[in-house]
Amino acid sequence: MNKFLVRCLIPTLLCLAVPALAPLARAQAPAPAAIGNGTETESALLKTLLAAIQDRDYQRFVSTGNEDFAKLDRAQFDAVAAELGPRLQQGYEAIRLGDYHQQNYDFSLWKLTFKDGGDDLIGTLNVINGRVGGFVLR
């Protein structure tokens, strides 16, 4: 699969659930006091998402998310997992860069550096009530 196709598929694949959540984000966003625990939850969810991509385990990937996230197309997941899985298997480091708020969503921002020396990826993760609402790798 060429790099252009992967760069187009990854955001499409991993961000499908976010637009559908706009009405829910205001009502279900965690209170600021819960953010301290959110870091541990987000780290655990990110690890599970990346392990699922590495292992090409669609069920594990979608099981981390809410109902909308679970509607992710299997073929799109498989295409991304085929491209990124081998890179993840060689090893990577995920560093949390911070948080940001956009269009009524709260996101954590991550940098993925791969042991293969290839291009880094930037990831955004949206968690609502302990479930993945959106996940994008660029």
Side-chain angles (χ1 to χ4, degrees):
M1 180 176 300
N2 70 38
K3 289 184 180 182
F4 176 76
L5 183 57
V6 169
R7 288 183 183 160
C8 291
L9 276 178
I10 290 172
T12 302
L13 166 67
L14 300 175
C15 193
L16 292 175
V18 172
L21 295 174
L24 299 175
R26 289 181 210 101
Q28 296 180 355
I35 291 174
N37 291 333
T39 300
E40 289 179 24
T41 300
E42 290 165 352
S43 296
L45 285 170
L46 179 70
K47 185 176 181 178
T48 299
L49 290 166
L50 294 174
I53 292 170
Q54 176 180 317
D55 297 340
R56 299 181 186 189
D57 187 340
Y58 172 79
Q59 290 303 322
R60 183 170 22 151
F61 186 84
V62 297
S63 73
T64 64
N66 60 23
E67 185 177 315
D68 289 324
F69 188 78
K71 294 177 184 175
L72 178 68
D73 181 69
R74 174 71 185 251
Q76 289 179 324
F77 171 83
D78 288 341
V80 172
E83 183 71 24
L84 289 181
R87 294 190 72 201
L88 291 166
Q89 286 176 349
Q90 291 179 33
Y92 66 91
E93 180 180 22
I95 299 171
R96 185 188 177 111
L97 300 175
D99 301 300
Y100 68 98
H101 182 81
Q102 190 173 53
Q103 298 180 0
N104 295 316
Y105 296 104
D106 292 314
F107 295 92
S108 56
L109 184 64
W110 300 83
K111 176 185 174 189
L112 295 179
T113 303
F114 295 90
K115 302 285 183 190
D116 67 6
D119 290 346
D120 295 341
L121 293 177
I122 297 295
T124 56
L125 175 64
N126 170 253
V127 177
I128 299 173
N129 294 331
R131 308 293 294 170
V132 174
F135 178 56
V136 179
L137 293 172
R138 292 186 178 91

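In this chain, residues are counted from 1 in sequence order.
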How many angstroms lie between atom CG of D99 and atom CD of E42, to the nearest 0.5 angstrom? 6.0 Å

Between the main-chain N or O of D106 and the side-chain N or O of N126, is there a donor-acceptor pair closer than 3.5 Å? yes

For a 4.5 angstrom cut-off between non-hydrogen side-chain atoms, does F107 reach L109? no

Heavy-atom donor-acceptor pair, R87 side chain to D119 backbone, under 3.5 Å: yes

State, with a plain yes or no, whether a side-chain heavy atom of L137 is found less than 4.5 Å away from one of V80. no

Flag the pair K71 / D68 as yes when at least one side-chain heavy-atom distance between them is below 4.5 Å, and no otherwise. yes

Backbone of S63 reached by a side-chain donor or acceptor of R131 within 3.5 Å: yes

Determine whether I95 and W110 make a side-chain contact, defined as any pair of heavy atoms from C-beta on separated by less than 4.5 Å. no

For Y58, check ring-ring contact (aromatic ring centres under 6.0 Å, His included) against everything at least two apart and list the hits. F77

I want to check something: taking the side chain as every heavy atom from C-beta on, are T48 and V132 in contact at a cut-off of under 4.5 Å? no

Validation row: I122, K111 side chains within 4.5 angstrom (heavy atoms): yes

Within the distance-only criterion (no hydrogens, no angle test), does the side chain of S43 pair as donor or acceptor with the backbone N or O of E40 below 3.5 angstrom? no

Atom pair CD (Q54) and CD (Q90), whose distance is rounded to the nearest 0.5 Å: 10.0 Å

